[in-house]
Peer 1: 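Structure in structure tokens, see below.
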Amino acid sequence: MDYLKGLNEPQLEAVTTLEGPLMVLAGAGSGKTRVLTMRIAHLITNLVDPFHILALTFTNKAAKEMKERVAKVVGQSEARNLWMGTFHSVFARILRSEAHYIGFPSNFTIYDSQDSLNVMKKVIKELNIDADQYKAKKVLSRISQYKNNLITVKAYFNNPELLENDERANQKHIGAIYQKYVETCFKNGAMDFDDLLLRTNELLTRFPEVLAKYQDRFRYILVDEYQDTNHSQYLIVKALASKFENICVVGDDAQSIYSFRGANIYNILNFKKDYPDAVTVALEQNYRSTQNIVNAANVVIGKNLQQFKKNVFSENEVGEKIKVYRSLSDADEAAFVASNIWQLHNSEQMNFDDFAILYRTNSQTRAFEDALRKKNIPYRVYGGLSFYQRKEVKDLVAYLRLLVNPNDSEALFRIINLPTRGIGDSTQNKLIVFADAHNIPVSEVLNNLGQFAPNLQLNNGIITKLADFWAMIKAFQVMLKEENAYTVAMEVAKRSGLIKNLKEDQTPEGISRVENIQELMNSMQGFIDEQIQVEDGDPSLSNFLENIALSADTQKDKKDDDSPKVSLMTIHLSKGLEFPVVHLVGLEENLFPSFMSSSTREELEEERRLFYVALTRAEKRAYFSYAISRFQWGKITDAEPSRFLSEVDSEYLELINPAIESRFVNHSGLKSNIFDEAPSETRFFKKKEPKKSLNRDEPQIIPKNLKPVSTAKIINPSGSSSQDIEVGDRVRHDRFGVGEVQFLDGTDPQNIKAKVIFQHEGEKNLILKFAKLTKI
DNA sequence: TTCGCACACTTTTTT
DNA sequence: AGTGTGCGAA
């Protein structure tokens, strides 16, 4: 058993304790994934049929990675029978085969958050409830809370405390909305994310034979990131494990960062109460990071009251101090990070994939993308708007969803008039009202248009349009029985008029939308190929749709080459990953910790755990940065440094732009450094940056007949002459894009104004000192 | 019914 | 800044 070699003592115990409940408290970087992998391998080596093993993870990525690693140890064929996946995908699969028990079609649609929100908006509207007082998003998150705590509509109405609570919060209609929302989803044959867990619970509690079946099947259960399970997930795991009690949970309470979506940290804190015989193993040695990083992270997380006592330590080198950079603006911060990466890449031959830029919110990405692009540094943004959430992609997907599940009226009304075919709002409303009144799905009305037409109060022209539309959908459905999903989707894209509609828009955005559709088709082909290759693969359209609903893949649209790239992601997404160099950016009050989470101690502690997660991603070096002002909500906002900065003992920190004092860092570590302390305003002209190769699609539409009016030169404020801007130069501006300098005015080098005509933005007067123009 | 424009709101994190 | 919503005109 080679794979047991090289494990430390607690790791070995965690891997080899196969029977009975086991809790592994795995500190950051302590080899958690390795332990999980080896444990599964060890189970299989000890003749447990992989068929009886269930491993639950939080992300598809984690599941995929673990499966691959297990396969390396025990071989492909053994690994294949494992059930390994996210809670949502595993239970979606179970629900599909057992759907009839709870009155759902087995091809039920899965609503993503966007779909749920749309449905909720309609529900509120239909109930004639004031949409200002009942914000769809808020209502939805409230209902999500209820669902995750197994409070059904009925339970809600039977619970005086909840009723009173909502009444006092001036939300007395929540119950009615909740009811209507659930009804709508049910009628549509759809489940939202929370339903996948709630309905699984329903299935397991109401039907003992189903429970028994899966209890017997899943004799060994492993749960990764147990600290992030919510109550609903907790109950499922508990029910499934209650027969054999071979349950192994792995987690770290210090890394619980999902309470906003119902994660209940007490699930892990109380594991011992649920299973008094449980063996607990603590993995405390961090193999990932330098001592400085581990110690700094410990100090911060130590401020939290709510936690297990752990002693995470590192025996790696002490390492460098964490560098802190104070910047003037978000753009300045991004420029620092980019040049720092460039510098390390050149001077220490580090690869670009050794770097990560971690931030609190997705909206912070843009500045970094700009800065990295300017330096020609390859990068990849993770998360953000998923490819499958783009409008044009969702539109085509809506057609496909409708083919699989004609009751999905959310999909139906999304595309019934797209591209416009004269079926407007009032017609749609009539359809809805009529279907509601007769208590049948809208698809039924469309199926029997001839019969219902006289009662629909629609003119013949509209009836014809409806009939045509529905005939088209029907034809697609017939086709789906004979052809594969790809062929059908292609036909849908063409015959629905979607592609034609998109092609009419010849702007760059329009062209990229067509490309996105093409990419969707490609990913579909890829999916089908993949499914055909595996033994029990399912290349059906319905399986494809489930897959995209449960995966937030952002990368389908980019050319997926494997060249090293800098990673940009939110801290949440970075959990479980590690990088030699981490830039943790935007360390400002109200950004991190978020202004939404500074009011209660619990919220603040979660933000602190988030900080802990971020810092412990770093192997060798960590950089903190913050800006004193930031472009936000369309205007410049002042910012204070994050409280977390002051929570790190200064012995672990080093300020790297000492020209500016900071009240948080002592000045012992002032040294010359990569920045040679140039304050950032004066650096704009000084930097000779690698230029992007000639830009592909910028049309030359600057009028040639405009003559320069002045030949005044700008004297570079920093004394360097490499970037002097003259009349007639083509320049690039961060926001306005490419333009030509028409006119320069002023002799004081600090105050020269330039008139620039931009290709898209037209004429602007800019003060050179501030405008950050780059000559191109 | 469709289109275009003014406006309001946004940004916390994800399956 | 960017996107979604609602209203009024064609």
Side-chain angles (χ1 to χ4, degrees), chain A residues 56-63 85-92 110-114 116-118 121 125 131-132 135-137 141 144 147-148 191-197 225 228-230 232-233 256-263 330 358-367 382-386 388-391 417-429 459 461-462 465 509 546-554 569-575 586 590-598 603 606-607 609-611 613-614 630-637 734-736 761:
Chain A
L56 295 167
T57 62
F58 264 77
T59 63
N60 297 301
K61 206 158 127 203
T86 63
F87 273 92
H88 290 84
S89 67
V90 165
F91 295 116
I110 297 172
Y111 282 164
D112 66 20
S113 341
Q114 219 182 331
S116 309
L117 192 64
N118 291 340
K121 282 182 183 161
K125 210 171 190 174
D132 286 331
K135 300 275 181 203
K137 243 187 187 158
S141 83
S144 171
K147 285 185 177 175
N148 285 330
M191 298 198 198
D192 64 18
F193 287 140
D194 302 320
D195 288 332
L196 293 176
L197 306 173
E225 309 282 13
D228 285 329
T229 49
N230 63 33
S232 196
Q233 291 164 323
S256 166
I257 55 175
Y258 282 105
S259 72
F260 70 90
R261 74 172 205 224
D330 44 353
L358 306 182
Y359 35 79
R360 180 64 178 82
T361 70
N362 276 309
S363 61
Q364 288 167 260
T365 46
R366 177 166 301 237
Y382 293 79
L385 190 62
S386 151
Y388 296 112
Q389 282 169 0
R390 301 190 179 189
K391 184 184 177 300
N417 199 28
L418 195 119
T420 51
R421 42 174 80 88
I423 306 174
D425 287 348
S426 65
T427 307
Q428 293 177 30
N429 278 329
N459 66 42
I462 300 271
K465 285 173 185 164
E509 296 83 33
E546 171 173 328
N547 251 273
I548 63 177
L550 294 177
S551 88
D553 206 334
T554 44
M569 64 184 87
T570 63
I571 300 165
H572 282 87
L573 269 182
S574 76
K575 192 158 73 156
N590 296 325
L591 182 59
F592 189 20
S594 158
F595 64 99
M596 300 290 292
S597 307
S598 317
E603 287 173 336
E606 175 144 320
E607 295 284 311
R609 291 192 292 270
L610 204 48
F611 181 87
V613 167
R630 178 172 291 279
F631 203 74
Q632 227 175 353
W633 296 292
K635 50 176 189 265
I636 291 167
T637 325
D734 270 354
R735 283 234 301 292
F736 302 138
E761 303 293 328

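Keep in mind that the numbers below use all heavy atoms, side chains included, and drop hydrogens, waters and symmetry copies.
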Peer 1: Check the distance between B:dT13's C1' and A:E607's CD and give it to me in whole angstrom.
Peer 2: 8 Å

Peer 1: Under 30°, 30 to 60°, or over 60°: which ring-plane class applies to A:Y258 and A:F58, parallel, tilted or perpendicular?
Peer 2: parallel

Peer 1: Around atom CZ of A:R366, are there more than 12 heavy atoms of other residues, nucleotides or ligands at under 6.0 Å?
Peer 2: no

Peer 1: Between the side chain of A:H88 and the main-chain N/O of A:L196, is any donor-acceptor distance below 3.5 Å?
Peer 2: no

Peer 1: For A:I462 and A:T59, find the nucleotide of DNA chain B closest to each by heavy atoms; which residue's nucleotide sits nearer the 5' end?
Peer 2: A:I462

Peer 1: With rounding to the closest Å, how many angstrom separate the P atoms on C:dG4 and B:dT13?
Peer 2: 16 Å

Peer 1: For B:dT1, take OP1 and OP2 only and decide whether either is under 4.0 Å from a side-chain N or O of A:S426.
Peer 2: yes

Peer 1: Within the structure, does a side-chain N or O atom of A:N60 lie under 4.0 Å from either OP1 or OP2 of B:dT15?
Peer 2: no

Peer 1: The side chain of A:R261 lies closest to which of these nucleotides: B:dT1, B:dT15, B:dT13?
Peer 2: B:dT15

Peer 1: To the nearest Å, give me how far apart NZ (A:K635) and C1' (B:dT11) are.
Peer 2: 13 Å

Peer 1: Nearest-Å distance, CZ (A:F87) to C1' (B:dT14)?
Peer 2: 15 Å

Peer 1: Could you run down the sub-3.5 Å N/O contacts of the protein with nucleotides 3-8 of chain C?
Peer 2:
from, atom 1, to, atom 2, distance (Å)
C:dT5, OP1, A:K121, NZ, 3.2

Peer 1: Rounded to whole angstroms, how far apart are CD on A:Q389 and P on B:dT15?
Peer 2: 10 Å

Peer 1: On DNA chain B, does the nearest nucleotide to A:F595 precede the nearest nucleotide to A:H88 from the 5' side, or the other way round? Give the residue.
Peer 2: A:F595

Peer 1: Measure the spacing between OG of A:S259 and CG of A:D228 and express it to the nearest 0.5 Å.
Peer 2: 9.0 Å

Peer 1: What's the spacing between A:Y359 OH and A:D330 CG if we round to 0.5 Å?
Peer 2: 14.0 Å

Peer 1: Which one, B:dT15, C:dA1, B:dT12, comes nearest to the side chain of A:S594?
Peer 2: B:dT12

Peer 1: Using a cut-off of 4.0 Å on non-hydrogen atoms, how would the nucleic acid contact of A:L573 be classed: base, sugar-phosphate, or nothing?
Peer 2: sugar-phosphate

Peer 1: Could you state the interatomic distance from CG (A:N230) to CG (A:D194), rounded to the nearest 0.5 Å?
Peer 2: 7.5 Å

Peer 1: For A:M569 and B:dT14, what is the distance between atoms CE and P respectively, to the nearest whole Å?
Peer 2: 11 Å

Peer 1: Please list each protein N or O that sits under 3.5 Å from an N or O in nucleotides 2-4 of chain B, with the distance.
Peer 2:
from, atom 1, to, atom 2, distance (Å)
B:dT2, OP1, A:G422, N, 3.1
B:dT2, OP2, A:N417, ND2, 3.0

Peer 1: Roughly how far, to the nearest 0.5 Å, is CD of A:Q233 from CD of A:E225?
Peer 2: 11.5 Å

Peer 1: For A:F260 and B:dT13, do the ring centres fall under 5.5 Å apart while the planes stay under 30° apart?
Peer 2: yes

Peer 1: Can you tell me how far CG of A:L117 sits from NZ of A:K135, rounded to the nearest 0.5 angstrom?
Peer 2: 12.0 Å

Peer 1: How far does CZ of A:F91 sit from CG of A:L550, to the nearest 0.5 angstrom?
Peer 2: 12.5 Å

Peer 1: Show me the protein contacts with nucleotides 7-10 of chain B, counting only N or O atoms at under 3.5 Å.
Peer 2:
none

Peer 1: Measure from OH on A:Y258 to P on B:dT15 and round the result to the nearest Å.
Peer 2: 6 Å

Peer 1: Just to confirm, is there a sub-4.0 Å distance from OP1 or OP2 of B:dT14 to any side-chain nitrogen or oxygen of A:N362?
Peer 2: yes

Peer 1: Roughly how many Å is it from CZ in A:F58 to C1' in B:dT13, rounded to a whole number?
Peer 2: 14 Å

